Amino acid sequence: MPTTAVNGFEMYFEDRGAGEPLILLHGGMGIGDDWRHVFPRDPDGYRIIVPDLRGHGRSTSPDEAFTIRRCAGDVLSLMDNLDIRRAKAIGLSLGAKTLLHVSTMQPDRVDAMVLVSATPRFPQPLRDAAARFTRASFECLTVAERDALRARHVYGDGQILRLYDMMRSFATSEDDMAFTPAALGAITARTLIVHGENDPYYPTEMAMELARSIRGASLWIVPGGPHGPIFGTMAEPFASRALAFLGASAAVES
């Protein structure tokens, strides 16, 4: 099982193919394998790097509180460990927010990125949903629901409960996601922002704010789309558009 030591824990990752590095970052409570529902086969011409973020899936949990900023530091450390100086990336929800931190902390490390269901800060609808991730709510899950979580997060209920703590912490977090237009203006990566028109957590205005603040960003509001509008019937249109966007970067540079 490929893992690497980063920032006090063992990060599981998959490293497949050859070509320009493309990092895929999953959403909160997700795992790297979720990208198989979007890309049934790895995109041609890329070295695909797919980690399980800290505390998720087959990665262990460090002895410190979860923050998205720390998650970004993990991704940068993974890149260092794999001798990747610069990469393209796609992030979903938590993964997209992680990329906002990566691309503002070390702008030269990200060449181009696709941000799905990102936000500059946590609005009240997200805080209300996050507050419901209590220990009691875990106990109320059906046996089948708990077994499904255990199959994805392999270190047992303790790991899952820490993920519930992570989600619940977003209800009161103030400084982890607090991107101003000036901070976002430091991003140099070519950026495509993808957002569901009917996202119940992040109103479309959040996506438009990102697009206004990141220089040259493109914005795709998916009609009728939910939070994370990249699965099911939306997977193929997303994959096609995202890869075309990332490939256009290479075409411009060549």
Side-chain angles (χ1 to χ4, degrees), residues 1-64 66-103 105-106 108-118 149-156 158-160 162-163 166-167 189 228 230-231 235 238-239 242-243 246:
M1 187 168 72
T3 65
T4 186
V6 297
N7 303 323
F9 74 100
E10 290 293 321
M11 174 178 269
Y12 174 89
F13 67 96
E14 295 187 1
D15 183 352
R16 307 186 296 264
E20 190 173 13
L22 174 59
I23 300 172
L24 305 178
L25 300 181
H26 62 76
M29 301 293 297
I31 56 175
D33 282 350
D34 292 342
W35 289 105
R36 291 293 192 187
H37 299 292
V38 181
F39 301 108
R41 57 185 295 271
D42 289 339
D44 293 333
Y46 289 104
R47 176 187 178 187
I48 305 295
I49 310 297
V50 190
D52 286 348
L53 298 175
R54 60 167 52 203
H56 290 75
R58 288 159 286 188
S59 291
T60 61
S61 303
D63 292 327
E64 60 184 0
F66 184 100
T67 70
I68 301 171
R69 182 182 297 276
R70 286 172 173 160
C71 212
D74 301 337
V75 173
L76 288 166
S77 294
L78 174 64
M79 292 174 68
D80 290 341
N81 290 357
L82 297 178
D83 294 320
I84 296 173
R85 175 60 195 160
R86 187 170 170 86
K88 294 178 178 177
I90 305 175
L92 166 64
S93 194
L94 173 63
K97 293 186 278 286
T98 298
L99 286 176
L100 284 176
H101 277 292
V102 170
S103 60
M105 292 163 66
Q106 295 189 28
D108 61 331
R109 305 297 297 273
V110 184
D111 173 51
M113 61 183 179
V114 180
L115 305 177
V116 182
S117 301
L149 285 172
R150 291 164 182 150
R152 290 161 62 79
H153 308 290
V154 301
Y155 297 110
Q159 178 190 19
I160 297 167
R162 284 183 67 110
L163 290 174
M166 171 201 77
M167 296 294 292
I230 64 172
F231 296 107
F238 168 78
L243 292 174
L246 294 175

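Keep in mind it's a predicted model, so treat the numbers as computed, not measured.
Q159 places a side-chain N or O within 3.5 Å of a backbone atom of V154 that can act as its donor or acceptor partner. A donor-acceptor pair under 3.5 Å is absent between the side-chain atoms of D52 and the main chain of M11, judged by distance alone. Using a distance-only test at 3.5 Å, with no hydrogens or angles considered, no donor-acceptor pair links the side chain of T3 to the main chain of Y12.
Considering V6, N7, T98, T60 as possible partners of R54, the one that fulfils the side chain to side chain contact (heavy atoms under 4.5 Å, CB included) test is N7. Test D34, V38, I48, V114 against L24 for side chain to side chain contact (heavy atoms under 4.5 Å, CB included) and you get one pass: I48. The one candidate from I23, L246, L25 that meets the side chain to side chain contact (heavy atoms under 4.5 Å, CB included) condition with I90 is L246.
Two residues are said to be in side-chain contact when any heavy atoms from C-beta on lie closer than 4.5 Å; C71 and H101 fail this criterion. Between L53 and F66 the shortest side-chain heavy-atom distance does not fall below 4.5 Å. Within the 4.5 Å cutoff, no side-chain heavy atoms of E10 are placed close to those of T4. Side-chain atoms of R152 and I160, non-hydrogen and from C-beta on, never get closer than 4.5 Å to each other. A heavy-atom distance below 4.5 Å is not found between the side chains of D15 and V50.
Smallest separation of non-hydrogen atoms from V102 and A72: CG2-CB, 3.6 Å. Counting all heavy atoms, side chain and backbone alike, A189 lies closest to V110 at CB-O, 3.3 Å. Contact detail for F9 and S59: the closest heavy-atom pair is CE1-CB, 4.2 Å. Shown here for L100 and A118, the closest heavy-atom pair between the two residues is CD1-CB, 4.4 Å. L94 and G28 get closest at one heavy-atom pair: CB-N, 3.3 Å.
In summary, D33 and R58 engage in a salt bridge, as defined by a charged side-chain N under 4.0 Å from a carboxylate O. By the 4.0 Å N-to-carboxylate-O rule, R85 lies too far from D80 to be salt-bridged with it. A salt bridge between R86 and D108 is absent, with no side-chain N of the basic residue lying under 4.0 Å from a carboxylate O of the acidic one. Look at D42 and R47 and you find no salt bridge, because none of the NZ, NE, NH1 or NH2 atoms lies under 4.0 Å from a carboxylate O.
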Test side chain to side chain contact (heavy atoms under 4.5 Å, CB included) applied to M79 and I49, step by step: CA-CA 9 Å; M79 292 174 68; I49 310 297; over 6 Å; no
Intermediate values then yes/no, side chain to side chain contact (heavy atoms under 4.5 Å, CB included), L115 and L99: CA-CA 8 Å; L115 305 177; L99 286 176; 3.8 Å; yes
Pair F231-L92, side chain to side chain contact (heavy atoms under 4.5 Å, CB included): steps then yes or no: CA-CA 11 Å; F231 296 107; L92 166 64; 3.8 Å; yes
Stepwise side chain to side chain contact (heavy atoms under 4.5 Å, CB included) check, K88 with Y46: CA-CA 9 Å; K88 294 178 178 177; Y46 289 104; 4.2 Å; yes
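Below 30°, between 30° and 60°, or above 60°: for H56 and H153 the angle between ring planes is above 60°, a perpendicular geometry.
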